[in-house]
Amino acid sequence: LSKGVDGSIQHQHQGCRMTEFWTPAFSAENYYEVSDLGRVRSKITGRLYRASMRPNGYLSIRLVKPKPRTFLLHRLVLQSFKGENARPVNHKNGIKDDCRLSNLEFVTPRENTEHAIKTGLFNPRAVFSSRQGELHWNSKLTRESISAIEDRLNSGDAPTDIAAAFGVSKWAIYNIKYKRRWAEAR
């Protein structure tokens with residue numbers, strides 16, 4: 001490692017020379033610096049901070065000064081170098097934990113979605129279909145129970161009695177009766 005006059009740090013790794021540039025961290029300029037390689041350090045002590053992996057695959061980092069706050073690392077890097085921007089941040093290579101400045105760009109929401117579809121990070125058909133019927137995370141009914149409910153409705157049972165038997169609201173039964181829900185089960 002060698003330090004340049006401009007605050008850059010030169011890395012020598014397996015014969016490849018790489019320069020790391022540091023800039024004050026967005027919204028914590030007096031306390032932290034962010035590098036173009038996606039690293040964060042204390043401006044006072046030089047200590048490097050470790051990012052944590054979120055369940056969605058993105059890296060986040062907790063900074064405590066000037067007040068405790070958790071940042072998405074890719075957004076912190078891009079905003080530190082390019083300035084504040086409310087637009088989504090895109091990972092050009094589709095790798096969510098690659099927070100190098102050269103891999104990040106501000107995009108429109110539409111461009112972000114199109115890129116996610118193109119790189120296979122998002123499949124709109126799979127997301128939509130997984131939210132329907134018994135596959136919905138909050139579903140209490142199955143296709144078989146819908147069939148049984150329809151049979152009971154056709155035989156004249158009261159919706160409130162059917163709702164009690166299946167552990168759902170009477171409105172869920174009315175939605176089935178008037179075909180506002182569970183249409184794909186028919």
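Keep in mind that the numbers below use all heavy atoms, side chains included, and drop hydrogens, waters and symmetry copies.
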Keeping S35 on the side-chain end and E20 on the backbone end, is there a donor-acceptor pair under 3.5 Å? no
Against the six-membered ring of Y49, is R47 placed for a cation-pi contact (under 6.0 Å from the centre, within 45° of the normal)? yes
Determine whether the side chains of N103 and H91 contain a donor N or O and an acceptor N or O closer than 3.5 Å. no
Give a yes or no on whether the backbone of S42 and the side-chain of T45 come within a donor-acceptor separation of less than 3.5 Å. no
So, T113 side chain and P109 main chain: donor-acceptor pair closer than 3.5 Å or not? yes
Is there a side-chain contact between M53 and L59 in this structure, where contact means two heavy atoms from C-beta onward sitting under 4.5 Å apart? yes
Determine whether W22 and F26 fall in the same hydrophobic cluster, where Ile, Leu, Val, Met, Phe, Trp and Tyr are linked whenever their side-chain heavy atoms lie under 4.5 Å apart. no
N/O donor-acceptor pair under 3.5 Å between E150 side chain and S147 backbone: no
Between R100 and N93, is there a side-chain heavy-atom distance shorter than 4.5 Å? yes
Is a side-chain N or O of H115 found less than 3.5 angstrom from the main chain of K92, in a donor-acceptor match? yes
Evaluate the side-chain proximity of I173 to L153: yes if any heavy-atom separation is below 4.5 Å, no if none is. yes
Could you check whether E33 pairs with K43 (Lys NZ or Arg NE/NH1/NH2 to Asp/Glu carboxylate O, under 4.0 Å)? no
Could you tell me whether E114 and K118 have a side-chain N and a carboxylate O separated by less than 4.0 Å? no
Side-chain donor-acceptor contact under 3.5 Å, S27 with R69: yes
With heavy-atom distances below 4.5 Å as the criterion, would you say the side chains of R180 and Y174 are in contact? yes
Short side-chain to backbone donor-acceptor contact, D161 and D157, under 3.5 Å: no
